Amino acid sequence: MIEFLQSIIRAFWELLLIIPMPWRFLIFLLLFIFVFPWFLWRALPCLFFIFSHFLLICAKAIASILLFIEYLVTLYIRQKGEQPPIFIYKFDDLLTDMVRTSDELTQKSRKILEYAFKKKWLLHRGWFVISAIVFTLTWYFRPVFGENTIAQFIDRGAMWWYSIEGWGLYSQRLPSSALSNPAPTKFVEAYYLAINERQYSEAWNCLSNEFQSNKSSLSSGFISYVDWWETVEKVSTNNIILEKQVGNSAIVRISLQYLMKKTQKLSEPESVRLWLVRDAKSNKWIINYSRPLS
């Protein structure tokens with residue numbers, strides 16, 4: 001059953017990936033704006049009513065059973081010519097109050113449900129238009145914001161989205177330990193594997209701050225980084241060679257081939273040299289600089 005659900009989720013994301021970014025995220029955003037009010041004013045009140053009604057029915061049934069038992073006990077005591085103890089009458093009053101309270105709460109929950117169903121749940125179309133315009137302008141004008149708070153907010157939102165996509169596509173995710181491998185060549189291999197599995201946020205965190213802030217190649221930061229890799233169906237790695245390692249720095253040469261989504265053709269093999277440094281905080285390798293070799 002779990003495997004069947006995973007296959008459905010994967011098929012959904014693969015279908016969604018036909019739509020390029022940022023339009024597929026915009027579709028998701030508009031669907032969320034459409035569905036959330038429905039969930040708030042229709043689904044949630046129904047679920048609340050059903051759940052509370054079930055609990056109240058159970059409580060009333062238990063109280064009624066106890067009342068019947070109390071009646072039999074009282075009848076038995078009176079048949080013996082004795083007077084029932086006072087605590088039995090107090091217990092009877094308590095159970096009676098429980099039954100009455102459950103009936104009152106049932107009526108109130110029904111009124112809440114009726115009130116929710118009277119509310120208009122569909123938002124005005126202006127919300128959809130404004131959201132679409134603001135989101136599109138924000139996405140394409142990302143370079144204008146530089147590295148301020150707004151830019152960081154946009155990048156975090158994009159990273160969150162691609163993490164969700166990676167989860168939907170790959171049930172067997174790349175272990176984080178693979179990107180912490182002390183061997184530079186294994187780290188580089190794991191980096192490109194993370195890209196193939198669309199774990200863009202994890203791959204982005206494998207780049208140094210200097211690499212990430214390189215405006216000549218990544219004018220929009222994380223969005224530019226993903227825009228490039230989104231054109232690639234798969235990157236193949238070959239001949240990963242450690243050229244040099246001294247202390248907390250290393251140089252790795254690797255041969256790459258790109259299967260492009262648009263043409264579905266493999267590119268010519270490309271040799272790339274990567275300069276790695278060890279991050280002082282995490283003690284992990286990160287890519288500080290890369291350069292294609294002619």
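A quick note: this is a predicted structure, and the numbers were derived from the prediction, not measured.
- Among Leu207, Val188, Val277, the single residue meeting the side chain to side chain contact (heavy atoms under 4.5 Å, CB included) criterion with Ile287 is Leu207.
- In this structure, Glu82 CD and Tyr76 OH are separated by 8.5 Å, a value rounded to the nearest 0.5 Å.
- Under the 3.5 Å distance criterion, the side-chain polar atoms of Gln257 are left unmatched by any main-chain donor or acceptor of Leu266.
- Residue Leu29 is grouped with residue Ile223 when hydrophobic side chains (ILVMFWY) are merged at heavy-atom distances under 4.5 angstrom, including chains of intermediate members.
- Counting only N and O atoms by type, the side chains of Ser255 and Asn239 include no donor and acceptor under 3.5 Å apart.
- The ring of Trp228 has its center closer than 6.0 angstrom to the ring center of Tyr258.
- Here NZ of Lys80 is found 12.5 Å from CG of Leu75. Values are rounded to the nearest 0.5 Å.
- The line from CD of Gln212 to CG of Asn205 is 6.5 Å long, rounded to the nearest 0.5 Å.
- Salt-bridge formation is not detected for the pair Glu233/Lys262: no Lys NZ or Arg NE/NH1/NH2 atom is positioned less than 4.0 Å from an Asp or Glu carboxylate oxygen.
- Between the side chains of Tyr200 and Glu230, at least one donor N or O sits under 3.5 Å from an acceptor N or O.
- Going from atom CG of Leu276 over to atom CD1 of Ile286 covers 9.0 Å, rounded to the nearest 0.5 Å.
- Within the 4.5 Å cutoff, the side chain of Trp204 has no heavy atoms near those of the Phe211 side chain.
- The ring pair (Phe, Tyr, Trp, His ring centres under 6.0 Å) check on Tyr192 picks up nothing, with sequence neighbours excluded.
- Phe48 is not connected to Tyr115 by any chain of hydrophobic side-chain contacts under 4.5 Å among Ile, Leu, Val, Met, Phe, Trp and Tyr, and they are in different clusters.
- Shown here is Ile86, whose CD1 atom has no more than 12 heavy atoms of other residues, nucleotides or ligands within 6.0 Å.
- If you check the side chains of Asp93 and Thr96, you find no donor sitting under 3.5 Å from an acceptor.
- No path of Ile, Leu, Val, Met, Phe, Trp and Tyr side chains, each step under 4.5 Å between heavy atoms, connects Leu55 with Leu105, placing them in separate hydrophobic clusters.
- Annotation: cation-pi pair Arg110/Phe49 absent, no NZ/CZ under 6.0 Å from the ring centroid and within 45° of its normal.
- Ring geometry for Trp121 against Phe34 counts as perpendicular: the plane angle is over 60°, on a 0 to 90° scale with 30° as the lower cut.
- Distance OG1/Thr185 to CG/Leu274: 11.5 Å, rounded to 0.5 Å.
- In this structure, Phe117 places its CZ atom where more than 12 heavy-atom neighbours from other residues, nucleotides or ligands lie under 6.0 Å away.
- Counting only N and O atoms by type, the side chains of Ser249 and Gln245 include no donor and acceptor under 3.5 Å apart.
- Taking OH of Tyr191 as the reference point, atom CD of Glu202 lies at 12.0 Å (rounded to 0.5 Å).
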Asp103 vs Arg100, salt bridge (charged side-chain N to carboxylate O under 4.0 Å, His left out): CA-CA, chis, key distance, verdict: CA-CA 5 Å; Asp103 290 335; Arg100 184 172 59 252; over 6 Å; no
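- Hydrophobic clustering of Ile, Leu, Val, Met, Phe, Trp and Tyr side chains at less than 4.5 Å, counting indirect connections, unites Leu30 with Leu40.
- Residues Leu256 and Thr237 are in side-chain contact: their nearest non-hydrogen atoms beyond the backbone lie under 4.5 Å apart.
- No chain of hydrophobic side-chain contacts below 4.5 Å, direct or via other Ile, Leu, Val, Met, Phe, Trp or Tyr residues, connects Leu56 to Leu113.
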